[in-house]
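Here is the structure we will look at, set down as structure tokens.
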There are 2 protein chains.
Amino acid sequence: MGKRKITSTNTINRDYLKNECGTMYALTLLSGRWKMTILHKLSKKGLRFTELKECIPNISDRMLSLHLKEMERDGLVERNVFAEVPPRVEYTLTSSTRDLVSIWDRLDIWGNNHREIQESNVQYLDGDL
Amino acid sequence: MGKRKITSTNTINRDYLKNECGTMYALTLLSGRWKMTILHKLSKKGLRFTELKECIPNISDRMLSLHLKEMERDGLVERNVFAEVPPRVEYTLTSSTRDLVSIWDRLDIWGNNHREIQESNVQYLDGDL
DNA sequence: TTAGTAACTCACAATTTTGTTAGAAATGGG
DNA sequence: CCCATTTCTAACAAAATTGTGAGTTACTAA
């Protein structure tokens, strides 16, 4: 997000990992506080800036703008400008990203499962103390 | 990593998103520079601290240690201590995490595909300038 | 007692990400 | 020209993550 110092160890490591495999590349593009949520909202239908803001509580103008710009650069979303007044900009998923969203089903199931396991472990540990 | 200020907007937003759905929960557990790589290495066989260090170039002792500790807390890896001299600690995936790893296949394919699309777009834009 | 090894831990610094607030650009109607 | 509206942007501040280098612990073999 914003500017990166391209000579830093941090950036060097990041780029190295990004090139390791498809999974790491994908996760690099998706990392960012609100990106998944934005994709999720857009998966139902295209939305304009203000609509996204309204359906994602707590996101700031700046973060929404930054994320959308990065996601456009990364081929995750499309930005469609309509010559209207006041201006209207609609964001939609790219076709590649629509494929991605369909993968989330399994991850969603895994996540919910794992959360249950984790929560039951905590209970168990609590009982043990 | 390390300490979080639990009253910060940042942490509040993070926790809110973590509870949104299984996918976001999963991605929260997996976020961290080297976590995916560590899981990937461990998916083949259990490894000790030093072995992980050797097969992940550039990772520092500190980051490896921090990540492993978090991943153990989050139920992603198990820490097995052997009473030998010098001490031997082996890290393995939990059974839940082994299921996760099998999901990566599709994400890997998606990532590699998407990278190709992106790279060909860049070429096209370059030619245009 | 000393040395050697694995597995860490600590203090601190650098970098990156996220959040806050104010305000700018664009545009047509009045 | 001024207004209202949407879509951002700029400057700054706060917080979080990552990296560095030295040091610690535990244990036993020599």
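Residue numbers begin at 1 in each chain, while the letters A, B, ... track the order of the sequences. Any value given below was found using the heavy atoms of this structure, including those in side chains, with hydrogens, waters and symmetry copies removed.
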Measure from CG on A:N80 to C1' on D:dT6 and round the result to the nearest Å. 16 Å
B:N13 vs A:I6, nearer the 5' end of DNA chain C by closest nucleotide: A:I6
From NZ of B:K35 over to C1' of D:dT17, roughly how many Å is that when rounded to an integer? 11 Å
Please determine whether any donor N or O and acceptor N or O are separated by less than 3.5 Å between the side chain of A:R33 and the base of C:dT17. no
Would you say A:W34 reaches C:dG19's phosphate, i.e. side-chain N/O to OP1/OP2 under 4.0 Å? yes
DNA chain D: 5'-proximal contact among B:T9 and A:R88 (nearest heavy atom): A:R88
Determine: side-chain N/O of A:K69 to OP1/OP2 of D:dT9, distance under 4.0 Å, yes or no. yes
When the distance from CZ of A:F49 to P of C:dA24 is rounded to whole Å, what number comes out? 18 Å
Could A:E70 and A:K35 be called an ion pair, given the rule that one side-chain N must be under 4.0 Å from one carboxylate O? yes
Would you indicate what B:K53 reaches in the nucleic acid, counting non-hydrogen atoms under 4.0 angstrom: base, sugar-phosphate, or nothing? nothing
Most 5' of A:N58 and A:D61 on DNA chain C, judged by nearest nucleotide: A:N58
In whole angstroms, the gap separating P of D:dA13 from NZ of B:K5 amounts to 15 Å
Would you kindly give the CZ-to-P distance between B:R62 and C:dA11, to the nearest whole Å? 11 Å
Quick check on the hydrophobic clustering: are A:M24 and A:Y16 connected, directly or via other members, by side-chain heavy-atom contacts under 4.5 Å? yes
So, is A:T11 near the phosphate of C:dT16, with a side-chain N or O under 4.0 Å from OP1 or OP2? yes
Would one find a side-chain N or O of B:R4 under 4.0 angstrom from OP1 or OP2 of D:dA16? yes
Going hydrophobic residue to hydrophobic residue with side-chain gaps under 4.5 angstrom, can you get from A:I56 over to A:V101? yes
With a non-hydrogen cut-off below 4.0 angstrom, is A:N10 in contact with a base, only sugar-phosphate, or nothing? sugar-phosphate
Under 4.0 Å: is that the gap between some side-chain N or O of B:R79 and OP1 or OP2 of C:dC8? yes
Could you tell me how far apart A:L66 (CG) and C:dT20 (P) are, to the nearest whole angstrom? 14 Å
Carboxylate-amine/guanidinium contact A:R88 A:E90, below 4.0 Å: yes
How long is the line joining CG of A:L64 and C1' of D:dT7, in whole Å? 10 Å
Could you tell me the separation between the NE2 atom of B:H67 and the C1' atom of C:dA7, rounded to a whole number of Å? 18 Å
Between C:dT21 and A:S60, is there an OP1 or OP2 to side-chain N/O distance shorter than 4.0 Å? no
Scan A:S8 against the nucleic acid and name what it touches under 4.0 Å (heavy atoms): base, sugar-phosphate only, or nothing. sugar-phosphate
If you look at every heavy atom in B:T94 and B:G75, which pair is closest and at what distance? OG1-O, 2.9 Å
Would the base of D:dT7 count as contacting A:R48 through its side chain, where contact means a donor and an acceptor less than 3.5 Å apart? no
Considering non-hydrogen atoms only, spot the tightest contact between B:L42 and B:L52 and give its length. CD2-CD2, 4.1 Å
Would you classify A:Y91 as touching base, sugar-phosphate or nothing, given that sugar-phosphate means primed atoms plus P, OP1 and OP2, and contacts are heavy atoms under 4.0 Å? sugar-phosphate
Examine D:dT9: is either OP1 or OP2 under 4.0 Å from a nitrogen or oxygen in the side chain of A:S65? Give yes or no. yes
